[in-house]
Amino acid sequence: LGCLFVVSVGIYIVLVDRATGDKTLTSLKMLRAFLEAWAADKPDLLERLIEERSEEAQIKTYILEFSTNHTNPALIISDVHPGPFANVGSSNIPFEMQQWLSAKCKPLILHSFSSHDLNLPSKKYVELLLKSLDHYKSVNSSKVCTEFLTETHGKATVNGIAFDGTALLTITLAPEGMEDFPRYVGEKIRAEAMELGFRDLIIVDAHNSQGETNSTSELNDIIEASRKLLRRLRTSPKYPFKVGFSHSSELNLRFKQDVGAGGIGVLLFEVESKKFLLVAADANNAVRGLRERLVNDVKIDGVKVVEICTSDTHSASGKARSPIGYSPLGELTGVDGIVNAVKELAKKAEERLADATLNTKLAYAQVKVMGEKILNDFSKIFDKAFKVTKIGGKILLIELLAIIVAAVLA
């Protein structure tokens, strides 16, 4: 029986290893790759496995740079998605983009309508994307803008501002939960904007209320609210404007691990003596209620908090002591801590208000992304491996019990 058990263990290991049905991607090879990336911070093997199965794609990055006599703050909205998890591929891409651009401007990284199929598979393609940011083309310029306007429909809330030829929308379902919005929703909104005469529409997924995948009804609410707001923006008067910028790194503000290395920054707009504050945090989503506390309850000397947006960083995803694998903004630092930080940042930005001109820039990168196929393939591979592991484990347990019984009876 002992010999039989040893042989069975050998057969079990071989069957589990071959359970993927792919000779180039065996179970034990995948396990080794994940353990090296996860426990030893050595993602090379895992990145190579993902990269071999990734597909070519063109990533578009908008840079909305505001030129003033003080600083040049910029909003960065890229198609690339942070992920898949800590230390692998583009998991920390918001901070890496921030670092890359910091010598030229004061960047705030926002989350676009994208999902994990647009993860970069390896550091090689992260570097290619970063280099592409140096080879942008200027597409528009404006010295005037509308006030920030808000439109709601169903569960969706959309805030927006329009410049000459360019419009910026931030979209949330808060206080309801939300996850990555699919790209086809953004394309429908963009088609509406083109019909109304906007040359460029930049759409931001605020990603600021922790939740699950959104329903078709909620996505339709987003499209309808955006449509109504774009029509209002198209006919709203435009005025010269001022902007002011501040960042947590300047004020030595300290946060816990629910805030990534990119910290928290704010961009303050003054239009017709009215002040609007846009908050950007390097974080993976936010606890429910944080957004409402900032937007509805916080009073900062006549400043209206328009929106708080997170970058959806995955720099710590999978390593947080949490059932969901990450800590959303406000969970560790606390809602009061985030609110107090925003108040301090708003005051500093207000001191720096200066006449501004918007320069809209666009950069393209030809890279490999994970793609939807690889996500599905990996899921199927894991399902097969776990099924074989489970069945084989039960058989081995029965054999082991048989050996114990035989030994006792002997």
Side-chain angles (χ1 to χ4, degrees), residues 24-25 29-63 74 76-105 107-112 114-136 180 207 249 257 259-263 282-284 310-320 325-326 363-375 377-379 381-382:
T24 64
L25 190 64
K29 188 176 183 180
M30 288 183 67
L31 178 62
R32 176 192 161 197
F34 272 100
L35 287 176
E36 286 184 356
W38 198 278
D41 288 340
K42 295 179 179 178
D44 295 356
L45 177 56
L46 181 57
E47 288 187 341
R48 188 164 68 248
L49 293 177
I50 297 173
E51 186 180 317
E52 287 171 355
R53 291 157 179 81
S54 296
E55 56 191 43
E56 292 283 339
Q58 188 179 70
I59 295 293
K60 184 168 59 176
T61 302
Y62 273 104
I63 302 171
I76 315 299
I77 304 95
S78 179
D79 290 342
V80 71
H81 189 278
F85 58 82
N87 303 321
V88 179
S90 55
S91 57
N92 200 25
I93 192 68
F95 178 63
E96 290 169 318
M97 292 174 75
Q98 180 178 316
Q99 289 290 95
W100 186 271
L101 293 165
S102 60
K104 301 174 182 177
C105 61
L108 294 177
I109 315 300
L110 306 180
H111 181 44
S112 68
S114 63
S115 56
H116 282 281
D117 59 332
L118 290 180
N119 292 342
L120 301 181
S122 65
K123 297 296 183 290
K124 169 186 172 182
Y125 290 101
V126 168
E127 187 174 350
L128 280 176
L129 177 66
L130 294 176
K131 287 180 177 178
S132 77
L133 302 179
D134 295 334
H135 303 285
Y136 59 80
D180 295 331
H207 211 65
S249 59
Q257 290 183 338
V259 179
D282 189 28
N284 188 341
T310 72
S311 65
D312 195 21
T313 181
H314 279 54
S315 58
S317 291
K319 299 199 172 183
Y326 67 92
Y364 292 94
Q366 196 67 31
V367 294
K368 277 190 172 184
V369 298
M370 287 185 67
E372 191 172 344
K373 183 178 182 298
I374 193 172
L375 295 175
D377 288 349
F378 270 48
S379 178
I381 285 171
F382 279 122

Nearest 0.5 Å, what's the [atom1]-[atom2] distance between [X] and [Y]?
X	Y	atom1	atom2	result
F34	L49	CZ	CG	8.5 Å
I109	M97	CD1	CE	5.0 Å
I59	S132	CD1	OG	9.0 Å
N119	H314	CG	NE2	7.0 Å
I77	S311	CD1	OG	12.5 Å
D282	L108	CG	CG	10.5 Å

Is the H111 ring parallel, tilted or perpendicular to the H81 ring (thresholds 30°, 60°)?
->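 Perpendicular: the ring planes of H111 and H81 meet at over 60°.
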Donor-acceptor contact present, side-chain S112 to main-chain S78, <3.5 Å |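 Yes, the answer is positive, given that a donor and an acceptor are paired below the 3.5 Å cut-off.
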Short question: side chain of S90, backbone of P82 - any donor-acceptor pair under 3.5 Å?
->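 Between the backbone of P82 and the side chain of S90 there is no qualifying donor-acceptor contact (under 3.5 Å).
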Would K104 and D134 count as a side chain to side chain contact (heavy atoms under 4.5 Å, CB included) if you check the C-alpha gap in whole Å, the side-chain angles of each, and the deciding distance to 0.1 Å?
-> CA-CA 10 Å; K104 301 174 182 177; D134 295 334; 2.5 Å; yes
Y125: side-chain hydrogen bond (donor to acceptor under 3.5 Å, both in side chains) partners, not counting sequence neighbours |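 By the side-chain hydrogen bond (donor to acceptor under 3.5 Å, both in side chains) rule, Y125 matches no residue at all.
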side-chain hydrogen bond (donor to acceptor under 3.5 Å, both in side chains) partners of S249, counting only residues at least two apart =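 Once residues adjacent in sequence are excluded, the partners of S249 under the side-chain hydrogen bond (donor to acceptor under 3.5 Å, both in side chains) criterion are H247.
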Assess whether atom CD of E127 is packed by more than 12 heavy atoms of other residues, nucleotides or ligands within 6.0 Å.
->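 No, CD of E127 has 12 or fewer neighbouring heavy atoms, counting only those of other groups under 6.0 Å.
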Residue pair D117 / S115, side-chain donor-acceptor N/O under 3.5 Å =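 Short answer, yes.
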Quick check: closest heavy atoms across [X] and [Y], and the distance to 0.1 Å?
X	Y	result
A86	S315	CB-O, 3.3 Å
V80	L118	CG2-O, 3.8 Å
T61	I76	CG2-CG2, 3.8 Å
T310	N284	OG1-C, 4.5 Å
E51	K368	O-NZ, 3.5 Å
V88	P43	CG2-CB, 4.0 Å

Between E47 and K123, is there a salt bridge with N-O shorter than 4.0 Å?
->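 So K123 pairs with E47 through a salt bridge.
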For L46 and E36, what are the C-alpha separation, side-chain angles and deciding distance, and is it a side chain to side chain contact (heavy atoms under 4.5 Å, CB included)?
-> CA-CA 8 Å; L46 181 57; E36 286 184 356; over 6 Å; no
